[in-house]
Undergrad: 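Have a look at the structure that comes next, please.
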Amino acid sequence: MSIRPVADMVAEANSQVAHMPATDALSLHGQAGVTFVDLRDPRELSRDGMIPDAFHATRGMLEFWIDPASPYAKEAFQTGNRFVFYCASGWRSALAAKAAQDMGLENVSHIEDGFAGWKKAGGPIAQR
């Protein structure tokens with residue numbers, strides 16, 4: 001059995017979904033019709049904070065929350081907004097953005113350098 005490297009999966013996702021560095025994502029923050037989606041574990045949010053007004057969706061529930069037919073569907077994903085996914089470093093968000101796009105969610109992108117890039121770029125941070 002050969003395990004496919006996750007780095008290959010991330011590279012494939014990045015070849016198929018829109019992505020940007022945090023320095024570009026800063027200009028989208030606070031715009032009407034744009035929802036930032038934090039995919040990190042709740043412990044990461046408690047420890048490091050999050051982008052203000054971001055919607056928190058743990059990676060494990062994302063597909064269930066996007067699907068309007070799912071008993072777990074979240075209204076936040078039915079808005080027609082532009083969605084900017086992010087995680088700590090851009091790997092989980094690449095995979096999540098691809099999954100969301102594959103499900104038919106439109107106008108999806110992710111922050112390629114993640115929350116680490118956001119902090120480095122001087123982006124605002126709020127406590128959970």
Side-chain angles (χ1 to χ4, degrees):
M1 179 173 83
S2 178
I3 299 294
R4 183 173 178 209
V6 72
D8 291 354
M9 295 172 64
V10 170
E12 179 183 314
N14 279 327
S15 75
Q16 297 176 26
V17 299
H19 51 92
M20 70 196 88
T23 53
D24 291 352
L26 284 168
S27 67
L28 297 174
H29 187 251
Q31 283 189 17
V34 177
T35 300
F36 281 74
V37 180
D38 193 319
L39 298 160
R40 296 173 303 142
D41 182 276
R43 291 173 298 224
E44 292 174 280
L45 274 64
S46 295
R47 182 185 65 224
D48 301 326
M50 61 191 295
I51 295 175
D53 301 317
F55 179 77
H56 180 236
T58 57
R59 179 65 189 96
M61 290 300 293
L62 183 65
E63 289 85 351
F64 300 99
W65 288 8
I66 290 173
D67 181 359
S70 165
Y72 302 104
K74 297 290 184 186
E75 200 172 305
F77 290 110
Q78 314 311 316
T79 62
N81 281 0
R82 176 177 184 174
F83 293 95
V84 180
F85 292 94
Y86 72 94
C87 62
S89 63
W91 285 37
R92 286 174 283 179
S93 60
L95 298 178
K98 182 177 183 317
Q101 184 172 285
D102 288 349
M103 290 180 73
L105 197 62
E106 296 179 357
N107 212 358
V108 173
S109 61
H110 83 99
I111 301 175
E112 64 195 20
D113 50 353
F115 191 66
W118 183 266
K119 290 190 303 188
K120 185 176 179 182
I125 299 172
Q127 292 305 307
R128 180 164 190 211

Undergrad: Where is the tightest heavy-atom contact between Pro52 and Pro124, given as atom of each residue plus distance?
TA: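 Closest approach of Pro52 to Pro124, heavy atoms only: CD-O, 3.2 Å.
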Undergrad: Nearest 0.5 Å please: distance from the OG atom of Ser93 over to the CG atom of Asn14.
TA: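 If we round to the nearest 0.5 Å, Ser93:OG and Asn14:CG are 8.0 Å apart.
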Undergrad: With no hydrogens and no angle check, is any side-chain donor or acceptor of Ser27 less than 3.5 Å from a backbone partner on Asp24?
TA: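 Here the side-chain-to-backbone pair exists.
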Undergrad: Is there a continuous path of hydrophobic side-chain contacts, each under 4.5 Å between heavy atoms, that joins Ile111 to Leu45?
TA: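 Linked within one cluster.
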Undergrad: Checking side-chain contact (heavy atoms from CB on, under 4.5 Å) for the pair Asp41/Thr58: CA distance, chi angles, key distance, verdict?
TA: CA-CA 6 Å; Asp41 182 276; Thr58 57; over 6 Å; no
Undergrad: Ignoring hydrogens, what is the shortest heavy-atom contact between Ala97 and His110? Give both atom names and the distance.
TA: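 Where Ala97 meets His110 most closely, the heavy atoms are CB-CB, 4.1 Å.
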Undergrad: Quick check: does any side chain N or O of Ser70 sit under 3.5 Å from a backbone N or O of Phe64, one acting as donor and the other as acceptor?
TA: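 Judged by distance alone, yes, a pair lies under 3.5 Å.
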Undergrad: May I ask you to test the His56-Pro42 pair for a side-chain heavy-atom distance under 4.5 Å?
TA: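 Touching, per the 4.5 Å side-chain cut-off.
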Undergrad: Where the side chain of Gln101 meets the backbone of Gln16, is there a donor-acceptor pair that is under 3.5 Å apart?
TA: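 Present.
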Undergrad: About how many Å separate CE of Met50 and CZ of Phe55, when rounded to the nearest 0.5 Å?
TA: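 Spacing of CZ (Phe55) from CE (Met50) equals 9.5 Å.
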Undergrad: Tell me whether Leu26 shares a hydrophobic cluster with Ile125, the cluster being built from Ile, Leu, Val, Met, Phe, Trp, Tyr side chains joined at under 4.5 Å.
TA: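 Same hydrophobic cluster.
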Undergrad: For atom CG of Asp102, decide whether the heavy atoms of other residues, nucleotides or ligands shown that lie under 6.0 angstrom number more than 12.
TA: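 Above 12, so yes.
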Undergrad: Applying side-chain hydrogen bond (donor to acceptor under 3.5 Å, both in side chains) as the test, list every pair that has at least one member in residues 28-39; sequence neighbours left out.
TA: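 Only Thr35-Asn81, Asp38-Arg40, Asp38-Tyr86 qualify under side-chain hydrogen bond (donor to acceptor under 3.5 Å, both in side chains).
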Undergrad: Determine, stepwise, if the pair Val84 / Val34 fulfils side-chain contact (heavy atoms from CB on, under 4.5 Å).
TA: CA-CA 7 Å; Val84 180; Val34 177; 4.0 Å; yes
Undergrad: Could you walk me through whether Met103 and Leu105 pass the side-chain contact (heavy atoms from CB on, under 4.5 Å) test, one step at a time?
TA: CA-CA 6 Å; Met103 290 180 73; Leu105 197 62; 5.6 Å; no
Undergrad: Would you check if the distance from the ring center of Phe77 to the ring center of Phe83 is below 6.0 Å?
TA: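 Ring-ring flag for Phe77/Phe83: true, centres closer than 6.0 Å.
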Undergrad: Got a sec, which pairs hit salt bridge (Lys or Arg N to Asp or Glu O under 4.0 Å) with one end in residues 66-95, sequence neighbours left out?
TA: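 Residue pairs with at least one partner in residues 66-95: Glu44-Arg92.
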Undergrad: Could you grab the distance from atom CZ of Phe36 to atom CH2 of Trp118, nearest 0.5 Å is fine?
TA: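 One gets 4.5 Å once the value is rounded to the nearest 0.5 Å.
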Undergrad: Show every side-chain hydrogen bond (donor to acceptor under 3.5 Å, both in side chains) that has at least one partner inside residues 1-10, sequence neighbours left out.
TA: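 Of all non-adjacent pairs touching residues 1-10, those that pass side-chain hydrogen bond (donor to acceptor under 3.5 Å, both in side chains) are Arg4-Glu12.
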Undergrad: Are Val10 and Val17 joined in one hydrophobic group, where the rule is that I, L, V, M, F, W and Y side chains link up if heavy atoms are under 4.5 Å apart?
TA: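 Unlinked, Val10 and Val17 end up in two clusters.
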Undergrad: Check Ala99 against Arg59 and note the closest heavy-atom contact, atom names and distance.
TA: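 Closest heavy-atom pair between Ala99 and Arg59: CB-NH2, 4.1 Å.
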Undergrad: Should Phe85 and Met61 be regarded as members of a common hydrophobic cluster, given that ILVMFWY residues are connected when their side-chain heavy atoms come within less than 4.5 Å of each other, either directly or indirectly?
TA: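 Yes; Met61 is reachable from Phe85 via cluster members.
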Undergrad: What is the minimum heavy-atom distance between Ala13 and Ala94, and which atoms define it?
TA: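 Closest approach of Ala13 to Ala94: CB-O, 3.5 Å.
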Undergrad: Is the shortest side-chain heavy-atom distance between Leu39 and Leu62 below 4.5 Å?
TA: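 Side-chain contact under 4.5 Å: yes.
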Undergrad: Taking all heavy atoms of Phe115 and all of Ile51, pick out the closest pair and write down the distance.
TA: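 Nearest heavy atoms, Phe115 then Ile51: CE1-N, 3.8 Å.
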Undergrad: Is any side-chain heavy atom of Asp113 closer than 4.5 Å to one of Lys120?
TA: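 No, too far: nothing below the 4.5 Å cut-off.
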Undergrad: I need the minimum non-hydrogen distance between Ile66 and Ala100, along with the two atoms involved.
TA: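 For Ile66 and Ala100, the tightest heavy-atom pair comes out as CD1-CB, 3.6 Å.
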